Protein chains: 2
Amino acid sequence: MHVSGGDLQRLRQLNSLSSIRALRDARRPLTLTELAAHTGLSRGSIVDVVTDLQERGWIAEVEPSPGGMGRPARRYRFRADAGHVLGIDIGVHKVLATITDLNGRAVASGRTSVSPGTPREQRLDAMNRAMDAALIAAGLTSDQMWGVAAGSVGVVDREGVITRVEALPDWAGTDLVGHLAARLPCPITIENDSKLAALAEQRLGVAAGVRDLVYLHAGRRPGAALILNGRPYHGFSGATGEVGLMEITGWRTMTDHLESCPAAAGAPAEDAAALVFGAARTGDPAARAAVEAYAQDLALGTAAMVLTLDPEVVVLGGGFSRSADVLLAPLREALAPHCLRVPEIRPSTLGEECVVLGAACLALDHIDHMFFSPEGALSPPTAPQRPTPA
Amino acid sequence: MHVSGGDLQRLRQLNSLSSIRALRDARRPLTLTELAAHTGLSRGSIVDVVTDLQERGWIAEVEPSPGGMGRPARRYRFRADAGHVLGIDIGVHKVLATITDLNGRAVASGRTSVSPGTPREQRLDAMNRAMDAALIAAGLTSDQMWGVAAGSVGVVDREGVITRVEALPDWAGTDLVGHLAARLPCPITIENDSKLAALAEQRLGVAAGVRDLVYLHAGRRPGAALILNGRPYHGFSGATGEVGLMEITGWRTMTDHLESCPAAAGAPAEDAAALVFGAARTGDPAARAAVEAYAQDLALGTAAMVLTLDPEVVVLGGGFSRSADVLLAPLREALAPHCLRVPEIRPSTLGEECVVLGAACLALDHIDHMFFSPEGALSPPTAPQRPTPA
DNA sequence: TCCTTTTTGATGGAAACCTCATTATGTACG
DNA sequence: CGTACATAATGAGGTTTCCATCAAAAAGGA
């Protein structure tokens, strides 16, 4: 909580920001009287603030709403289309890029396919193509982007360096920031993909507004991410949610239960899980047993996190969350004996878009911090530039 | 980050708070020129603000510092003695009460002894006596307290109710808030004792300024508490750090290693640990083995938290931290094989005072939030009253 | 004694806010 | 169709707060 104060212009700036925030959060046009109520300012001052913001292009006037007593009031809306951010998901099998407006609404996206073996340069190239496709679809250029955030597999430290990654052979140490900086002048953030998925679920998804949650990435490479006190939790070096590395949790071997199930016999390892979940859905006893054994192991590591953090909600995400209908009940039952209070378990709903949307949320958060800080001027809406290193 | 804005008086209020904070954080008298630099205000405005604050009693003028070029500057200090808060630690064997000034410096304290079997009413009475002793020692009355925070064993929920406690038979459900409210008109906060110890270590102790830390309570009743993103973490229902409840951590039985050690033969269970640690210190092989076995078990649950949270520091607190000299190395070694990155492990230094000081910190935080919020007026410094329930 | 350095105090001016009275522009109703 | 009512916009006058600037004051050193 930074108390700043300042001069009269700073006060006006704060009041302008207050108005913008009110308009943005209301998600509908507001009248001057409503704005005055929201901000606590007098009517006259709100008029000043609003005409100023309108001249600068932050807000726009809309038709007065018909049918009401008294003289119809002017109404204003936040111009969410004044700027855009870019979210990127660099996955193992695909790269997604999505452009959203300042409200976080997706306006365009691009996609390219890669494989686990794709070498670094080609993966970066795939990222470039996905970005370009999204930009073209949105009809925007790269210097119109206000911010970018990219999600990647692996451990991402505070400087955005990927320090550890198992799934991709030559991906660790990739200078993602540098690579993006060459093509985009705006601020850049890199984060772990599960953390972004968790953020998306907490902002837009099944855990909207939840203060404390554990996001479980259930899939071929299990993982977890945390939202604590309402904010994404990064830890000291970014290596959070790695409880599955402990032998006693069984996370390293739990997919064996699925892959060695008769229902998956002969199929390639990456299809095994889906086949077993499908068989379990139709009642196959061996498949059900395999799912239960998997859930038992998953519950061990989950219980360790739940007992440590006492979250309100556990979000079940990752590829296996598509099979939440057969996985949820066994997981809940396996969790119960370990926990003091069993948190609500909700299957993820955002699906494949989860990480890109989370990335866009993070980029929006970043520019929010910039604009709402004392230094971040409330200039006419233009794409912020990265501060040039001194 | 709440953007508030407001009218001109609010601006003045913000600037006043900014000045108060600068004076408080500097921990030394500042000149008007220094204050102007800190707050970014012009000199003339600072004069206004300062004379205003001085009239209201928030700051005081001190002797100009001699020996310097030019005309000697007036200097002002924050009047930390303008108000006081009360911290209480309701332990199993003792009740502590400490009164600190607005800088968190202890000015007086009181102490009473209790035993695990002491029934609720007598324990509350012991608390009253400790409080009264502290008040008398400080020469203050209960209505001069600006805030109280009490730490208790057991799980404390958001409303301050003790929902679960193992160590004290009839303590769960105690209406601590109600009890304190009958004797103190100021805001009241209740929190779990380990969480307060962690807070104290992060504010005043061995982990000052650390953003993410795990506080290990190593003692006869093991536990843990978390500071995450620089703030105490409470969880949804307050039951955090309970990873020791899982069988696989071995936390429920790990003290058996110490109690069954020959070095502790014949001694009562509560002295066993100290004897074993003492024997280990002199090189007794059986005692060393017992300590190592204990450390192995302690490391399991700790590793689960470290892998989940990736903290910068683990603080070793609780009764056994007095024996950190023999416990630290085995714990560090036992932790290493499980962790991606072994956090720094630091033994607690605040000792018995830990919880009371943490309680005082929490009470200070609470009034900070009150005064620095738009509503909390910057009236002349007087004890805030609890809002009367409507 | 004079000069340099730094703080202090005073004045004028501008920005931003508030209040209150007046005017404008709709709907409702006789 | 005209009047009453309700709400919104506008404008005048006043207050608070801040800034910039400049002369005066208070020390130490030459």
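All chains are named by letter (A, B, ...) in the order of the sequence lines, taking the proteins before the strands, and each is independently numbered beginning at 1. Side-chain atoms are counted along with the backbone in the values below, which use heavy atoms only and exclude waters and symmetry mates. Computed from a predicted model, the values in this text were never measured in an experiment.
Non-hydrogen atoms lying under 4.0 Å from DNA chain C are contributed by Leu32(B), Thr33(B), all within residues 31-39 of chain B.
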Output a table of donor-acceptor pairs, distance under 3.5 Å, between side-chain atoms of residues 77-84 of chain B and any protein atom two or more places apart or on a different chain; print 'none' if there are none.
none

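Once you apply a 4.0 Å limit to the heavy atoms of chain A, the touched nucleotides of DNA chain C run 5' to 3' over dA15(C) to dA28(C).
Rounding to the nearest 0.5 angstrom, the gap separating the CG atom in Asp7(B) from the OG atom in Ser42(A) is 9.0 Å. In this structure, CZ in Arg75(B) is found 9.0 Å from CG in Leu30(B), a value given to the nearest 0.5 Å. To the nearest 0.5 Å, atoms CG (Asp52(B)) and CD (Gln13(B)) are separated by 11.0 Å. Here the CG-CG distance, from Leu213(B) to Leu228(B), works out to 8.0 Å after rounding to the nearest 0.5 Å. The CG atom of Leu53(B) sits 9.0 Å away from atom CD1 of Ile46(B), with the distance rounded to the nearest 0.5 Å.
Residues Leu204(A) and Cys361(A) are in side-chain contact: their nearest non-hydrogen atoms beyond the backbone lie under 4.5 Å apart.
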For this session: Quick one, give me the B/S/- string for nucleotides 15-21 of chain D, reading 5' to 3', where B means a protein heavy atom under 4.0 Å from the base and S means that only happens at the primed atoms, P, OP1 or OP2.
Result: -BBSS--

Seminar exercise, completed: Contact string for nucleotides 25-30 of chain D, one letter per nucleotide 5' to 3', B = base within protein heavy-atom range under 4.0 Å, S = sugar-phosphate only, - = neither, reads BBSS--

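Under the side-chain contact (heavy atoms from CB on, under 4.5 Å) criterion, Leu11(B) pairs with Leu8(A), Leu11(A), Asn15(B), not counting sequence neighbours.
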Exercise. Yes or no on side-chain contact (heavy atoms from CB on, under 4.5 Å) for Val85(B) and Met145(B), after CA distance, side-chain angles and deciding distance?
Worked result: CA-CA 5 Å; Val85(B) 297; Met145(B) 291 295 102; 5.9 Å; no

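A donor-acceptor pair under 3.5 Å is formed between the side chain of Asp101(A) and the backbone N or O of Asn103(A). Side-chain N or O atoms of Arg28(B) include none that pairs as donor or acceptor with a backbone N or O of Leu23(B) at under 3.5 Å.
Between Trp58(A) and Phe371(A), the gap from one ring centroid to the other is short of 6.0 Å.
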